[in-house]
Amino acid sequence: MFLPQELMIQILVWLPVKSLTRFKCVSLSIDFEALLDDDSGSVSLDLDRTFPQHFTDIEVEIKGSCRGFILLCHTFDLYLWNPSTGFHKQIPISPFGFNLDCFYGFGYDHSTDDYLVVLMFQHDLYNPTLQLLYFSLKGNTWKQVEGPHYRYTNRNREEPKGGSLYNGAIHWLAHRDDLLTEVIVAFDLVEKKLSYILLPCDSDGSPLHCGLWVYGESLSIYTTNYATNTVDIFVMKEYKVDSSWTMTHALPYDVIPNEGFCPLCCTKNGDIVGRDDGGGLVKYDKNGQFLEHHSYTNDDLPRQWTMYIESLLSLPSDGDNQQA
């Protein structure tokens with residue numbers, strides 16, 4: 001049967017990435033729509049099949065995700081990896097190194113068609129000045145930019161997270177020392193500048209009870225309210241307008257066996273999906289009503305989660321990548 005090339009291209013465009021890379025794909029992605037109803041929605045990560053180094057998924061931390069690539073950290077080594085194609089690249093260590101209290105970020109600069117790995121940390125214990133630098137995939141080099149004029153610290157050192165990518169900027173939840181309060185720090189990937197956003201006045205700004213995520217099309221925070229046994233969701237209706245913070249949900253967490261809840265994403269119909277303190281997944285409907293809970297007891301399953309979009313995109317320095 002003869003098919004015109006234009007028709008074949010259209011057929012391929014509509015195929016899922018997994019179908020296009022069926023025989024070499026190692027996937028960390030999760031179908032949140034089907035996961036709670038079907039265990040096949042989750043696929044564990046076998047790093048030994050992907051990386052030449054010998055380390056397990058427990059030793060690796062997920063620090064970011066952007067356009068089909070995932071930023072992984074193993075001890076002091078950084079990797080960019082596309083699970084759909086199996087290509088990966090190790091990022092050279094920065095001239096200043098970095099420490100355990102480092103703020104990590106990964107995003108895409110559309111103005112230069114470049115991917116950036118961003119680090120912010122204190123290089124010298126006796127010097128409070130923070131180092132702010134980024135690695136350009138296209139230039140294959142680290143560049144230092146002007147650091148923050150105020151000191152930001154990561155108060156939740158037990159679980160340092162990568163920044164949340166939103167509206168062309170990387171966002172971190174941090175403590176601003178001069179204000180003695182938690183704020184959202186934003187690094188603009190195009191302008192290469194820092195700014196900060198105040199948290200809503202009626203939220204609990206404790207770093208151990210507060211988190212940052214992207215809720216649909218808005219920047220959002222969640223905070224645990226122990227007085228009501230709920231996780232309260234606040235959404236910034238207008239970006240960088242502090243007065244636009246609005247509380248949208250109060251999700252009851254005492255209905256979850258492990259209690260505790262951290263939102264991860266929302267589905268197409270508005271349901272909120274997140275994880276509990278035991279690494280299981282929980283779903284609430286768009287009105288904040290509890291729907292279901294899925295627990296994992298197999299130690300071989302990954303305990304870290306990230307939002308990931310399947311992609312066949314390549315890195316700018318694709319010649320340096322390795323294929324699994």
Side-chain angles (χ1 to χ4, degrees), residues 28-45 57 61-66 70 156 158-166 171-173 182 184 199-200 203-236 245-298 301-309:
L28 185 59
S29 63
I30 300 171
D31 183 354
F32 284 107
E33 297 279 4
L35 179 60
L36 298 180
D37 301 317
D38 182 3
D39 289 341
S40 64
S42 172
V43 182
S44 61
L45 169 63
D57 58 331
E61 295 179 346
I62 298 173
K63 296 300 185 181
S65 175
C66 175
I70 297 176
N156 189 359
E158 294 182 359
E159 190 181 1
K161 297 180 179 179
S164 297
L165 183 61
Y166 174 76
H171 301 78
W172 300 281
L173 191 63
E182 311 303 314
I184 296 174
L199 298 183
S203 69
D204 177 12
S206 171
L208 298 179
H209 311 137
C210 188
L212 183 65
W213 70 308
V214 177
Y215 181 26
E217 299 298 325
S218 301
L219 190 66
S220 175
I221 69 164
Y222 59 91
T223 180
T224 303
N225 189 331
Y226 292 103
T228 58
N229 289 332
T230 60
V231 172
D232 298 338
I233 306 294
F234 294 84
V235 170
M236 179 166 265
W245 282 113
T246 304
M247 181 176 170
T248 59
H249 296 82
L251 308 176
Y253 64 79
D254 53 357
V255 296
I256 305 172
N258 293 322
E259 296 192 347
F261 178 74
C262 298
L264 294 171
C265 71
C266 64
T267 63
K268 294 178 181 178
N269 62 1
D271 293 343
I272 298 174
V273 179
R275 62 176 180 84
D276 63 15
D277 287 345
L281 288 180
V282 184
K283 180 189 284 187
Y284 294 86
D285 67 17
K286 60 183 179 181
N287 299 315
Q289 298 297 313
F290 172 77
L291 293 178
E292 51 188 322
H293 171 259
H294 189 104
S295 177
Y296 291 108
T297 58
N298 188 341
L301 286 174
R303 301 190 181 198
Q304 300 182 62
W305 309 93
T306 188
M307 289 300 301
Y308 165 72
I309 299 176

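A quick note: this is a predicted structure, and the numbers were derived from the prediction, not measured.
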[X] versus [Y], closest heavy-atom pair with distance:
X: Leu173; Y: Leu212; value: N-CD2, 4.1 Å
X: Ser164; Y: Val214; value: CB-CG2, 4.5 Å
X: Leu219; Y: Tyr166; value: N-CZ, 3.8 Å
X: Val231; Y: Tyr222; value: CG1-CB, 3.9 Å
X: Lys286; Y: His249; value: O-NE2, 2.8 Å
X: Gly216; Y: Cys266; value: N-SG, 3.5 Å

field: Pairwise distance CG(Asn225) to CG(Asp232) - rounded to 0.5 angstrom
entry: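 Going from the CG atom of Asn225 to the CG atom of Asp232 covers 4.5 Å.
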message: Rounded to the nearest 0.5 Å, what separates atom CG in Asp285 from atom CG in Leu251?
response: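 Here the interatomic distance stands at 9.5 Å.
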Main chain of [Y], side chain of [X]: is a donor-acceptor contact present, judged purely on distance under 3.5 Å?
X: Asn287; Y: Gln289; value: no
X: His294; Y: Leu281; value: no
X: Asn269; Y: Asp271; value: yes
X: Tyr284; Y: Pro252; value: yes
X: Thr248; Y: Phe234; value: no

message: The test is side chain to side chain contact (heavy atoms under 4.5 Å, CB included); show your working for Trp245 and Ile221 and say whether it passes.
response: CA-CA 10 Å; Trp245 282 113; Ile221 69 164; 3.9 Å; yes
statement: Taken in chain and number order and not counting sequence neighbours, the residues that satisfy side-chain contact (heavy atoms from CB on, under 4.5 Å) with Ser65 are Ile70, Thr306, Tyr308
message: Run the side chain to side chain contact (heavy atoms under 4.5 Å, CB included) test on Tyr215 and Ile272 for me, step by step, so that the C-alpha distance in whole Å, both residues' side-chain angles and the decisive distance to 0.1 Å come before the verdict.
response: CA-CA 9 Å; Tyr215 181 26; Ile272 298 174; 3.8 Å; yes
task: Go through the steps to decide whether Val282 and Phe290 satisfy the test side chain to side chain contact (heavy atoms under 4.5 Å, CB included), and finish with yes or no.
output: CA-CA 8 Å; Val282 184; Phe290 172 77; 3.7 Å; yes
task: Assess whether side chain to side chain contact (heavy atoms under 4.5 Å, CB included) is satisfied between Trp213 and Ile233, documenting all intermediate values.
output: CA-CA 10 Å; Trp213 70 308; Ile233 306 294; 4.1 Å; yes
